[in-house]
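The block underneath contains the structure these notes are about, expressed in structure tokens.
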Amino acid sequence: MPDSHDRSLPSPEICRFGGVDVDAVVVGAGFAGMFMLHRLRGLGLKARVYETGDGVGGTWYWNRYPGARCDVESMQYSYQFSDDLQQDWSWSEKFAAQPEILTYAEHVADRFDLNRDIQLESRVNAAHWDDRTGVWTCSIEHAGEIRSVTSKFLILCVGCLSAANRPSFPGFERFQGPNYHTGYWPKDPVDFSGLKVGIIGTGSSGIQTIPHVAAQADHLTVFQRTPNYVVPDWNGPLDPTYEAEIKADYQGLRRKAVTRPSGIWVPFNTDSALDATEEERQRRFEEFWGYGGLGFMGCFGDLLTNAESNRLAADFVRGKIREIVTDPEVAEKLTPDNIIGCKRLCVHSSYYETFNRDDISLVDLRTEGSIEHFTETGLVVGGIEHPLDAVIFATGFDAMTGSFEKIAISGVEGQTLKQKWEAGPRTYLGVQSAGFPNMFMVTGPGSPSVLSNVLVSIEQNIEWITGCLGTLLAGGKSRVEPEVDAEDAWVEEVNRAAGGSLRSTCSSWYNGANIPGKPLIFIPYIGGIPDYTKACEAAVENGYAGFRMR
Ligand code: N01
């Protein structure tokens with residue numbers, strides 16, 4: 001069947017709006033920025049994408065650490081806007097690794113002829129709204145020079161996890177060895193052979209990195225502040241029969257997926273863990289452990305709403321850790337005591353086994369003392385120096401707001417976004433923030449973003465923004481912004497939804513607790529893709545209720 005979107009659209013030579021360099025500036029050339037550009041061209045708007053990196057791919061461009069891999073099945077973690085694309089592309093594994101996902105991003109950029117409107121190695125440092133002219137001016141750094149670019153629309157496709165968190169440990173400047181952050185990994189492969197390596201952090205990035213570095217280094221020391229639950233992914237080559245079945249009705253799978261809160265189609269039960277007998281429960285836990293991946297949380301319907309059900313699932317995984325890890329003391333250190341799924345569940349099939357090696361040690365920062373300081377040749381914890389030749393920071397991100405706030409954005413009356421979000425982010429539907437007209441966010445705070453298959457959320461947001469801009473243009477208007485009342489009500493809804501989930505009960509990057517001084521607010525919308533989409537569609541059906549167009 002011909003696909004109306006699967007073709008290259010010419011970029012208009014001239015702007016639709018007068019007095020600006022481009023109609024729209026898009027910040028970031030990850031999966032969001034690339035698709036946004038494609039849709040803006042479809043609207044006949046002249047758009048330009050600015051990207052800090054020297055290639056497309058966003059998250060998958062920066063996170064090149066050894067072992068980086070997606071924990072959503074690749075058949076679902078992929079674009080659906082073009083049926084030709086999804087039919088033509090073949091993934092080699094069930095869960096693709098970073099290099100393959102980056103190749104996919106590059107393929108999309110070529111296939112839709114996006115590169116000619118993407119300016120690489122260009123950082124947008126600031127964006128200023130002039131309320132009199134209704135124009136955004138961006139300050140863009142490229143090759144050591146700063147240039148101003150004016151536009152009617154500013155579309156932030158900056159990603160949720162792209163402002164690295166690098167805690168400042170005393171004495172770090174004295175450390176003589178190389179240091180790395182998983183979120184800014186060098187392009188050239190790093191060889192840890194023969195080295196004593198330290199890694200700080202045991203979230204998803206650390207957990208994926210640790211088995212690879214342990215296999216290569218002379219010795220790996222893991223500095224763990226909070227142990228995490230890790231479930232296996234049982235990754236392997238993509239089964240061609242499974243691929244063919246999906247491709248026979250790809251849209252059917254996509255339609256089913258968006259009926260789920262996460263936008264991912266995996267087995268999911270709705271019954272309570274408390275209603276099952278002990279035997280049934282264990283059988284179900286084993287079944288889902290065998291299925292693998294994030295879908296483990298779909299064993300029972302109430303694992304994230306009922307503390308007792310959650311404890312039963314957590315106990316099951318704790319039992320697995322004790323079975324796999326041979327040294328009981330190490331197993332104890334690796335065993336989490338918090339709510340399973342409260343922090344993001346981690347996925348890996350040989351993480352716990354790695355701790356059975358004799359060239360790895362685990363430093364438990366909860367019981368052995370916190371990180372005191374670096375020396376020239378090591379890291380001191382609880383008065384003991386751990387000798388290191390190299391250190392890896394797997395310390396995560398200033399998530400969801402950091403990537404927006406690192407651009408100096410000022411809106412109406414010069415108010416900055418950082419000022420406005422001082423007590424926590426405020427958006428309407430996660431796509432706009434009052435006081436910042438014509439500025440859109442893709443997977444912004446207050447949208448499901450990181451709680452969903454982010455590719456699903458990206459496409460949903462972009463289709464919505466495209467519809468909004470199309471309506472604006474069709475009506476001969478040039479300015480759109482949310483009303484404060486609508487925004488306030490949405491912020492309240494985001495908080496209400498968070499209150500109903502056990503996910504808001506622990507410290508995590510979901511609520512800003514990982515960054516000292518960041519307000520403790522549950523940032524994404526946890527109500528799920530179906531309810532969120534309904535809210536977005538309701539606004540449209542009611543004539544863009546809550547938005548002011550003029
Ligand atoms: O970051 P994290 P990440 N002293 O914040 C520790 C996605 N992702 O990069 O838990 C000592 O989860 C911190 O300790 P604690 C995914 O959504 C996906 O690993 O705060 N330790 C924690 O252990 C994921 O959730 C994939 O006590 C410090 C670690 O550093 C998100 O990205 C792969 C510290 C940070 O963990 C972020 O994951 C990778 C300090 N001062 C990432 N500060 C997949 O698709 C922080 N830590 C599989």
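Atoms within a ligand are numbered from 1 in the order they appear, just like the ligands themselves. Just so we're clear, the structure is a prediction, and the values are computed from it rather than from any experiment.
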Are any of the side-chain nitrogens in Lys333 or Glu368 under 4.0 Å away from the carboxylate oxygens of its partner? yes
Within the supplied structure, the quantity of interest is the number of heavy atoms (other residues, nucleotides, ligands) at a distance under 6.0 Å from Glu308 CD; does it exceed 12? yes
Return the residue, atom name and 0.1 Å-rounded distance of the protein heavy atom closest to atom 43 (N) of ligand 1. Arg225 NH2, 3.5 Å
Provide, to 0.1 Å, the distance between atom 35 (C) of ligand 1 and the closest protein heavy atom, together with that atom's residue and name. Ala394 O, 3.3 Å
Regarding ligand 1, does Thr202 bring an N or O atom to under 3.5 Å of one of the ligand's N or O atoms? yes
What atoms in ligand 1 come closer than 4.0 Å to a heavy atom of Leu161? 7 (C), 17 (O), 31 (C), 32 (O)
Of the listed options Ser370, Ser204, Pro516, closest to atom 16 (C) of ligand 1 (non-hydrogen atoms): Ser204
State which residue, out of Phe374, Phe175, Phe223, fulfils the ring-ring contact (aromatic ring centres under 6.0 Å, His included) condition with His386. Phe223
I'd like to check which ligand 1 atoms, numbered from 1 as shown, lie under 4.0 Å from a non-hydrogen atom of Ser205. 3 (P), 9 (O), 19 (O), 38 (O), 39 (C), 42 (C)
Best match, Ser168, Ser508, Ala399, Gly201: closest heavy atom to atom 30 (O) of ligand 1: Gly201
Contact (N/O only, under 3.5 Å) between Gln208 and ligand 1: no
Side-chain donor-acceptor pair under 3.5 Å between Glu493 and Tyr525, yes or no? yes
Heavy-atom contacts with Asp71 under 4.0 Å: which atoms of ligand 1 show up? List them by number with element. 44 (C), 45 (O), 48 (C)
Looking at Leu429, is its backbone amide N or carbonyl O close enough to the side chain of Tyr532 to form a donor-acceptor pair, meaning the two atoms are under 3.5 Å apart? yes
closest protein heavy atom to atom 1 (O) of ligand 1 is Gly396 CA, 3.1 Å
Taking atom types as modelled, is there a side-chain donor on Tyr250 or Gln80 under 3.5 Å from an acceptor on the other? no
Considering distance alone, does some N or O of Thr182 sit under 3.5 Å from an N or O of ligand 1? no
Are the charged groups of Asp398 and Lys406 less than 4.0 angstrom apart, N to O? no
Just by distance, with hydrogens left out, do Ser452 and Ser457 show a side-chain donor and acceptor under 3.5 Å apart? yes
Looking at Lys187 and Asp54, is any side-chain nitrogen of the basic one under 4.0 Å from a carboxylate oxygen of the acidic one? yes
Less than 4.0 Å is my threshold; does some heavy atom of Lys343 fall inside it relative to ligand 1? yes
Number the atoms of ligand 1 from 1 as they appear, then name those within less than 4.0 Å of a heavy atom of Cys70, with their elements. 45 (O)
Taking only heavy atoms of Phe169 into account, list the atoms of ligand 1 that are under 4.0 Å away from them. 4 (N), 40 (C), 41 (N)
Hey, do the aromatic rings of Phe192 and Tyr180 have their centres closer than 6.0 Å? yes
My understanding is that we take every heavy atom of each candidate and find the minimum distance to atom 2 (P) of ligand 1. Doing that for Phe397, Tyr77, Phe393, Trp509, which one comes out nearest? Trp509
salt_bridge(Lys320, Glu286) N-O dist < 4.0 Å: yes
Using the ring of each side chain (for Trp, its six-membered ring), is Phe296 parallel, tilted or perpendicular to Trp289, with breaks at 30° and 60°? perpendicular
Tell me whether Phe95 reaches ligand 1 (any heavy atom closer than 4.0 angstrom to a ligand atom). no
For ligand 1, which atoms, with element, lie under 4.0 Å from some heavy atom of Tyr65? 33 (C), 39 (C)
Provide, to 0.1 Å, the distance between atom 15 (P) of ligand 1 and the closest protein heavy atom, together with that atom's residue and name. Thr226 OG1, 3.4 Å
What atoms of ligand 1 come within less than 4.0 Å of a heavy atom belonging to Leu365? 11 (C)
re atom 44 (C) of ligand 1, the protein heavy-atom contact at minimum distance is Arg69 O, 3.3 Å
Could you check whether any heavy atom of Val347 sits closer than 4.0 Å to an atom of ligand 1, since that is the contact criterion I want to use? no
We want to know whether Ser78 and Gln86 form a side-chain donor-acceptor pair, criterion being a heavy-atom distance below 3.5 angstrom. no
Specify whether His38 and Phe81 have parallel, tilted or perpendicular ring planes, treating 30° as the upper limit for parallel and 60° as the lower limit for perpendicular. tilted
How close does the nearest protein non-hydrogen atom get to atom 36 (O) of ligand 1, and which residue and atom is it? Gly203 CA, 3.5 Å
Taking only non-hydrogen atoms of Arg344 and a 4.0 Å limit, the atoms of ligand 1 in range are 16 (C), 17 (O), 25 (O)
